[in-house]
Number of protein chains: 2
Amino acid sequence: MRRMHKENNLTKNQQIIFDLIDKSPEPLKAYSILFNVQKKGIKAPLQVYRALDKLVEMGKIHKIESRNAFIACQNSSCQVSKATAFSICEMCEKITEISSSSLSKYLANFKDKDGMKYSKYNLEFFGLCKKCR
Amino acid sequence: MRRMHKENNLTKNQQIIFDLIDKSPEPLKAYSILFNVQKKGIKAPLQVYRALDKLVEMGKIHKIESRNAFIACQNSSCQVSKATAFSICEMCEKITEISSSSLSKYLANFKDKDGMKYSKYNLEFFGLCKKCR
DNA sequence: CTTATATATGTTATATTATTACATATTGTT
DNA sequence: AACAATATGTAATAATATAACATATATAAG
């Protein structure tokens, strides 16, 4: 290996796994990722989960919590993901990252009754997409 | 058993599991629930998951997706839960249901770029609670 | 360049979370 | 009483995720 992570470069495993997720039209699950990268030498679940953790941390991908699946960041790529919102079609499972500045402003400034402000949030909307309606 | 679910009554297993979650100060995980209700005759994971599914469907409890844990509804109890928001302390894991009419109004009326409106949402905020700050 | 430290990888085993499949029982309705 | 719908019981297994430990590579400091 030439070098590891200078600046924001990805390591070998991270790159392999990011590429797969990034070119996928739909969110991928950890073991489906594992299956798809075995030919590239990634053999164990832990290797996948470690790369996923780092990629999430960097904001390159997001986890769709209600689906245990991972999707490449579709917004301001490569930023740390502290504020995520997704649209999920309950029929066809099409999942899209929502990019709405009014929504993100509203949520970033939201304070609860005790005045607690939050450093991070994840929002998942459910409904029917155009096709499925 | 005398009767099952007339009106909104819970069945035997649902009641046992709801009572446990309702009196718990913190969200409970499925297998911790299972362990705690084995003395009451509920022996298998599936019995727990089935009751949990129904209770979520009825809005008596909510699932905290990022934690795979279940919490009793703390808002308008016993309504179908289509709109949920939680506050999660990343230090002590204290989790609270957020009850803010402005937030719920904002989200219930949110439309994305394509004009898509949603029938359901789940929002999880992360930060540090009062004690942990 | 060499050493130290942090980060990444490889590997095995195992823990945790959730569902499939099938049989039986109870409820509410006709 | 007969039926359909819902709930329960049980065993097996699938799917998701982490612990523990060894090795390798990268970056920073001397």
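Just so it is clear: chains get the letters A, B, ... in the order the sequence lines come, proteins before strands, and each one is counted from 1.
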- Message: Rounded to whole Å, please give me the gap between OH in B:Tyr49 and C1' in C:dT20.
- Response: 14 Å

- Has B:Thr11 got a side-chain N or O lying under 4.0 Å from the OP1 or OP2 atom of D:dT8? yes

- Note on the structure: From CE of A:Met58 across to P of C:dA8 the rounded distance in Å is 7 Å

- Is the shortest side-chain N/O distance from A:Lys12 to OP1 or OP2 of C:dA8 below 4.0 Å? no

- Query: Is any side-chain heavy atom of A:Met58 closer than 4.5 Å to a side-chain heavy atom of A:Leu10?
  - Reply: yes

- Rounded to the nearest angstrom, tell me the gap between atom CD1 in B:Ile33 and atom P in C:dA18. 10 Å

- Query: A:Lys29 has an atom NZ; how far is it from atom P of D:dT16, in whole Å?
  - Reply: 4 Å

- Find the distance B:Glu57:CD to D:dT6:C1' and express it as a whole number of Å. 12 Å

- Criterion side-chain hydrogen bond (donor to acceptor under 3.5 Å, both in side chains) on A:Asn122 and A:Thr84, from CA distance to verdict: CA-CA 5 Å; A:Asn122 179 56; A:Thr84 50; 2.7 Å; yes

- Item | Toward the 5' end of DNA chain D, by each residue's nearest nucleotide, A:Phe70 or B:Asn13 | B:Asn13

- Message: Quick check on C:dT9: is either OP1 or OP2 less than 4.0 Å from any side-chain nitrogen or oxygen of A:Lys54?
- Response: no

- Message: Tell me whether the side-chain N/O atoms of B:Asn68 come closer than 4.0 Å to OP1 or OP2 in D:dA17.
- Response: no

- Sub-6.0 Å ring centroid separation between B:Phe125 and A:Phe110: yes

- Round to a whole Å and report the spacing from CG of B:Leu10 to P of C:dT27. 15 Å

- Note: A:Glu93-A:Arg67 ion pair, threshold 4.0 Å (strictly below): yes

- Message: Side-chain N or O of B:Lys63 versus OP1/OP2 of C:dA18: is the shortest distance under 4.0 Å?
- Response: yes

- Message: Can you tell me whether the side chain of A:Tyr31 and the base of D:dA14 have a donor-acceptor pair closer than 3.5 Å?
- Response: no

- Mind checking whether A:Ile21 and A:Ile17 have side chains closer than 4.5 Å, heavy atoms only? yes

- Message: What residues from residues 38-48 of chain B pass a heavy-atom cutoff of under 4.0 Å to DNA chain C?
- Response: B:Leu46

- Please examine the side chains of A:Ile98 and B:Tyr118, heavy atoms only from C-beta on, and report whether any two atoms are closer than 4.5 Å. yes

- Message: Distance check needed: C:dT11 P versus A:Leu34 CG, whole Å only.
- Response: 13 Å

- Below 4.5 Å, heavy atoms only, C-beta onward: do B:Leu52 and B:Ile33 meet side chain to side chain? yes

- Can you tell me the distance, in whole Å, between the CD1 atom of B:Ile17 and the P atom of D:dG9? 10 Å

